[in-house]
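What follows is a set of notes on a single structure, which appears directly below.
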Amino acid sequence: MKNRTTLLAVILLATAAALTACDDGNSRADSKPNKASTVPSKPVTTAATTPSAGADALAKATGIPPRPTGAARARLLRALAAAAPAASRYEDKAIDAARNQCSAINGGAQRLDHLASQRFTYKDATTTEAQGKQINQALKATGFCVV
């Protein structure tokens, strides 16, 4: 249920971000300013109003850590490979699955080992519940899920 709620929240956020980026087509760069307007209008771009900041805040609120880069990414992939070698074969999918698994861990979901086995099973990579348990331990031990 939490995954559906998280997915719905992400979809709503993406839709809102897409709609706020739309232009109605009536604005023209060379149009003359309205004489009734005494205050010049400037677009407000603060961290709180940018779509990426909203997505980051939503991800943090749902327990999803940011995408790891550099050494943190390599450390996470090594930990996942030690727990379930086939699961780390597709690195980007493994990173996304790890981030989603953190949402379950941080949200107090039930049957975490089963969820991990499902999240880290794709294409020709099958993950067992025993490997799912090792993945959960690796995610906790590396501190990746701390948001």
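Sorted by first and then second residue, the disulfide (SG to SG under 2.5 Å) pairs involving residues 77-147 (not counting sequence neighbours) are Cys102-Cys145. Annotation: side-chain hydrogen bond (donor to acceptor under 3.5 Å, both in side chains) contacts involving residues 136-147, sequence neighbours excluded, comprise Gln101-Asn136, Asp113-Asn136. Applying the ring pair (Phe, Tyr, Trp, His ring centres under 6.0 Å) rule to pairs touching residues 62-81 yields nothing, sequence neighbours excluded. Screening residues 66-89 for ring pair (Phe, Tyr, Trp, His ring centres under 6.0 Å), with sequence neighbours left out, gives no hits. Under the ring pair (Phe, Tyr, Trp, His ring centres under 6.0 Å) criterion, no residue pair touches residues 128-147, with sequence neighbours excluded. Residue pairs satisfying the salt bridge (Lys or Arg N to Asp or Glu O under 4.0 Å) criterion with at least one member in residues 125-139, sequence neighbours excluded, are absent.
Under the side-chain hydrogen bond (donor to acceptor under 3.5 Å, both in side chains) criterion, Asn106 pairs with no residue at all, not counting sequence neighbours. Legend: residues meeting salt bridge (Lys or Arg N to Asp or Glu O under 4.0 Å) with Arg73, ordered by chain and number and at least two apart, are Glu91, Asp92. Listed by chain and residue number, Asp124 satisfy the salt bridge (Lys or Arg N to Asp or Glu O under 4.0 Å) test with Arg89 (two or more places apart in sequence, or in another chain). Taking the side chain to side chain contact (heavy atoms under 4.5 Å, CB included) definition, one finds that Ala97 meets it with Arg119, Phe120, sequence neighbours left out. The ring pair (Phe, Tyr, Trp, His ring centres under 6.0 Å) check on Tyr122 picks up Tyr90, with sequence neighbours excluded. Residues that satisfy the side chain to side chain contact (heavy atoms under 4.5 Å, CB included) test with Ala72, not counting sequence neighbours, are Pro68, Arg75.
Atom CG in Asn100 sits 10.5 Å away from atom CG in Leu115 (nearest 0.5 Å). Here CD1 of Ile105 is found 5.0 Å from CG of Leu139. Values are rounded to the nearest 0.5 Å. Here the straight-line distance linking atom OG1 of Thr127 with atom CG of Leu80 works out to 9.5 Å at 0.5 Å rounding. Atom CD1 of Ile64 sits about 10.0 Å away from atom CG of Asp96, to the nearest 0.5 Å. Atom CG of Leu77 is separated from atom OG of Ser88 by 6.5 Å, given to the nearest 0.5 angstrom.
In this structure a side-chain-to-backbone donor-acceptor pair under 3.5 Å is present from Gln131 to Thr128.
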